[in-house]
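Every chain is numbered from 1 and lettered A, B, ... according to where its sequence line falls, protein lines coming before strand lines.
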Protein chains: 2
Amino acid sequence: MDQVFSHHDHFDADELIDRLPRKGAKNYVSSATVYRTLREFVDAGLLKSFQLEGRTVYEHDYGYPQHDHLYCTRCRELFEFQSEPLTKLLEEIGVEHGFRISGHRMIIHGVCRECSKNRRKKRKQDLV
Amino acid sequence: MDQVFSHHDHFDADELIDRLPRKGAKNYVSSATVYRTLREFVDAGLLKSFQLEGRTVYEHDYGYPQHDHLYCTRCRELFEFQSEPLTKLLEEIGVEHGFRISGHRMIIHGVCRECSKNRRKKRKQDLV
DNA sequence: TTTCTTGCAAACCTTTTGCATCCCC
DNA sequence: GGGGATGCAAAAGGTTTGCAAGAAA
């Protein structure tokens, strides 16, 4: 819990496991437990999850404002944004199509400002 | 190809394999070939794919207008819609955040008109 | 004691890949 | 013969699960 709620980042199970104590170290938790716990957090409404490039990405939900994402395909960073007009528009679309909307998932793909400036910017994975 | 382009449905690899001749029958194709071919179609711009509940869903792309999806969580059907205001709004959001947008993925989850009317409507999977 | 939580390893599911074979030019 | 397409089976990647052991109540 400490690890999950100490940053406001987006993360996947693997990244979280990397941040937790390794096997053999004190307070080690198995990945089974990590997955089980993440799922419980999602069910409990503390976290929200969505799919991005095959992995399940988690982010804080409880007490955190609704938002959508911009995903930079160059540096692979996720940016959040809120748009009141978008919220309204979605409601209208729901009404128009007779849908009782429970939620939505939107990710805009593109290249962020930084990466547009610097075409040679290294991707996260290349920095390892 | 015949199977893929004879309907305008959304489908996943598994559904396509089910529609193709079984093992032993004439014109049988292995699932490896199905996956390989689907990927080529996507690369060639004939199909588009996205993730939904863990599976990869395909739909026609070439010569098919841009659209987004409404997903009924009750009957698990995908409905398409087009929204000019949405397109405009996304462009604005891109500009506002300095993003060079290359595309987006949006799925609105909810319950469709039919399923709202008939709360006991059976889900596709239950009809098997 | 009863119940919950954990680690481990195996199972899962969907998709991809290595490789030997087959087909066709 | 040589290049590409195919089937098979195994591998991969991420996640889930059965089960036995340990911790908590």
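By the 30° and 60° cut-offs, the orientation of the rings of His97(A) relative to Phe81(B) is tilted.
Distance alone, capped at 3.5 Å, places no donor-acceptor pair between the Glu91(B) side chain and the Lys88(B) backbone. In this structure a side-chain-to-backbone donor-acceptor pair under 3.5 Å is missing from Thr56(B) to Gln51(B).
Closest contact between the side chain of Thr33(A) and the listed nucleotides dT6(C), dT15(D), dT15(C) involves dT6(C). The side chain of Arg55(A) lies closest to dG14(D), out of dG14(D), dT17(C), dT15(C). Closest approach to the Arg36(B) side chain among dG14(D), dG18(D), dC19(C) is made by dC19(C) (side chain taken as heavy atoms from C-beta onward). When distances are taken from the side chain of Val29(A) to each of dT15(C), dG7(C), dT17(C), the shortest belongs to dG7(C).
In summary, the side chains of Glu59(A) and His67(A) do present a donor paired with an acceptor at a separation below 3.5 Å, with no hydrogens or angles considered.
When heavy atoms are screened at a 4.0 angstrom cut-off, Thr56(B) is found touching the sugar-phosphate backbone but no base atom.
Salt bridge status for Glu114(A) with Lys117(A): present, with a side-chain N to carboxylate O gap under 4.0 Å.
The phosphate of dT16(C) has neither OP1 nor OP2 within less than 4.0 Å of any side-chain N or O from Tyr35(B). Considering only side-chain N and O atoms, Arg39(B) lies under 4.0 angstrom from the phosphate OP1 or OP2 of dT17(C). Phosphate proximity of dC8(D) to Tyr28(B): present, with a side-chain N or O under 4.0 Å from OP1 or OP2. The phosphate of dC8(D) (OP1 or OP2) has no side-chain N or O of Ser30(B) nearer than 4.0 angstrom.
Taking atom CD1 of residue Ile17(B) and atom C1' of nucleotide dC8(D), one finds them 14 Å apart after rounding to whole Å. Taking atom CG of Asn27(A) as the reference point, atom P of dT5(C) lies 18 Å away to the nearest angstrom. Rounded to whole Å, the distance from CG on Asp18(A) to C1' on dG14(D) is 14 Å. Distance Phe11(A) CZ to dT15(D) P: 12 Å, rounded to the nearest Å. Between the CZ atom of Phe50(A) and the C1' atom of dG14(D) there is a distance of 17 Å, given to the nearest Å. Between the P atom of dT15(C) and the CD atom of Glu53(B) lies a distance of 13 Å, rounded to the nearest Å. In this entry the distance linking CG of Leu38(A) with C1' of dG14(D) reads 13 Å, nearest Å. In this entry the distance linking CZ of Arg22(A) with P of dG7(C) reads 15 Å, nearest Å.
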